[in-house]
Trainee: 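Okay, handing you the structure first.
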Amino acid sequence: MAHQSAPQRPLVGVVTDLKEIEPHRFFATGEKYLRALTDAADVVPVLLPLMADRVHLQEWLQRLDGVFLTGAYSNVHPRHFAQTDEIPDTQHDEARDALSLDLIRATVDAGKPLLGVCRGMQEMNVAFGGSLHQNLHLTGRYQEHREDKSQPLAVQYGPAHDVSLVPGGVLARVTGVENITVNSVHTQGVDRLASGLQVEARAEDGLVEAFSVEGARRFAVGVQWHPEWQVLEHPQNKALFTAFGDACREVAAANQR
Ligand SMILES: N[C@@H](CCC(=O)NCCCC(=O)O)C(=O)O
């Protein structure tokens, strides 16, 4: 009897971060993202090392069924979206910028699903020509969006504010609700939204908290909050990961035909 290959869960590329752990450099990512991908999206995460100088994007994209962009304490370097000088004492990760920004455009061009969280959402906006506020709290226009680092993680990633979902939008359809209470762990935020991005959610202060990519052939969404945090305890966040996983399953099934 011919061997019937078991249905295989989609493979999803996860962009890593550069970590200096003396005396070496590592490419790493947060466990909570990987567990949300396995437990809520039901996909198999594959870490993508920050080796834009060694690996052609298409070598990955031809084999991946989707791409996931994690959050990170580092910030997108302002040279990618503004002429303003680098703000002193800001953590950057230029190796991640070098991979992520090109990978975002290539992923959407290839019609592969894309989900960006926090820094990943900010990268999507920059990758398509948008800009970021480098210090939301200094603009005088927004509520506090930073976490209190003196608090336990459960508080830092706990409920912080509500976001209103755009009626009829992707997130409204996926979650089935009009508002979500989200966590907030970010210093930067969307200033100019890139053309071609559709607002999906806003905070009470008007800050863009989520968008989708207009014209993307598959699911392509960025959210400023952290839906991966205790994802199974938050139905809307689980629905977001499930929708991303479903889009990746469509790609995987098409590739198996
Ligand atoms: N550095 C950016 C993005 C914030 C972000 O992604 N925070 C995540 C913290 C660590 C984690 O949960 O992975 C900003 O400050 O706006």
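All figures in this text were calculated on a predicted structure; none of them were measured in a lab. Both counts, for ligands and for their atoms, begin at 1 and track the order of listing.
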Trainee: When you compare the side chains of Asp205 and His145, does any donor N or O come within less than 3.5 Å of an acceptor on the partner?
Mentor: yes

Trainee: Partners of Asp97 by side chain to side chain donor-acceptor pair (under 3.5 Å), sequence neighbours excluded?
Mentor: Arg119

Trainee: Between Glu209 and Arg202 (salt bridge meaning N to carboxylate O under 4.0 Å), is one present in this structure?
Mentor: no

Trainee: So for atom CZ, which belongs to Arg63, do other residues, nucleotides or ligands contribute more than 12 heavy atoms lying within a distance under 6.0 Å?
Mentor: no

Trainee: Can a salt bridge be assigned to the pair Arg96 and Glu123 using a cut-off of 4.0 Å between side-chain N and carboxylate O?
Mentor: yes

Trainee: Under 3.5 Å, N/O to N/O: give me all the pairs between ligand 1 and the protein, one per line with atom names and distance.
Mentor:
{"residue": "ligand 1", "atom": "1 (N)", "partner": "Ala72", "partner atom": "O", "Å": "2.9"}
{"residue": "ligand 1", "atom": "1 (N)", "partner": "Tyr73", "partner atom": "O", "Å": "3.2"}
{"residue": "ligand 1", "atom": "1 (N)", "partner": "Ser74", "partner atom": "O", "Å": "2.9"}
{"residue": "ligand 1", "atom": "1 (N)", "partner": "Asn75", "partner atom": "OD1", "Å": "2.7"}
{"residue": "ligand 1", "atom": "6 (O)", "partner": "Ala72", "partner atom": "N", "Å": "2.8"}
{"residue": "ligand 1", "atom": "6 (O)", "partner": "Ala72", "partner atom": "O", "Å": "3.1"}
{"residue": "ligand 1", "atom": "6 (O)", "partner": "Arg119", "partner atom": "N", "Å": "3.2"}
{"residue": "ligand 1", "atom": "7 (N)", "partner": "Val185", "partner atom": "O", "Å": "3.1"}
{"residue": "ligand 1", "atom": "12 (O)", "partner": "Lys32", "partner atom": "NZ", "Å": "2.7"}
{"residue": "ligand 1", "atom": "12 (O)", "partner": "Tyr33", "partner atom": "OH", "Å": "3.3"}
{"residue": "ligand 1", "atom": "12 (O)", "partner": "Tyr157", "partner atom": "OH", "Å": "2.5"}
{"residue": "ligand 1", "atom": "13 (O)", "partner": "Tyr33", "partner atom": "OH", "Å": "2.6"}
{"residue": "ligand 1", "atom": "15 (O)", "partner": "Asn75", "partner atom": "OD1", "Å": "3.4"}
{"residue": "ligand 1", "atom": "15 (O)", "partner": "Thr187", "partner atom": "N", "Å": "2.9"}
{"residue": "ligand 1", "atom": "16 (O)", "partner": "Gln122", "partner atom": "NE2", "Å": "3.0"}
{"residue": "ligand 1", "atom": "16 (O)", "partner": "Thr187", "partner atom": "N", "Å": "3.1"}
{"residue": "ligand 1", "atom": "16 (O)", "partner": "Gln188", "partner atom": "N", "Å": "2.8"}

Trainee: Would you check if Met51 and Phe27 make a side-chain contact, meaning some heavy-atom pair closer than 4.5 Å?
Mentor: yes

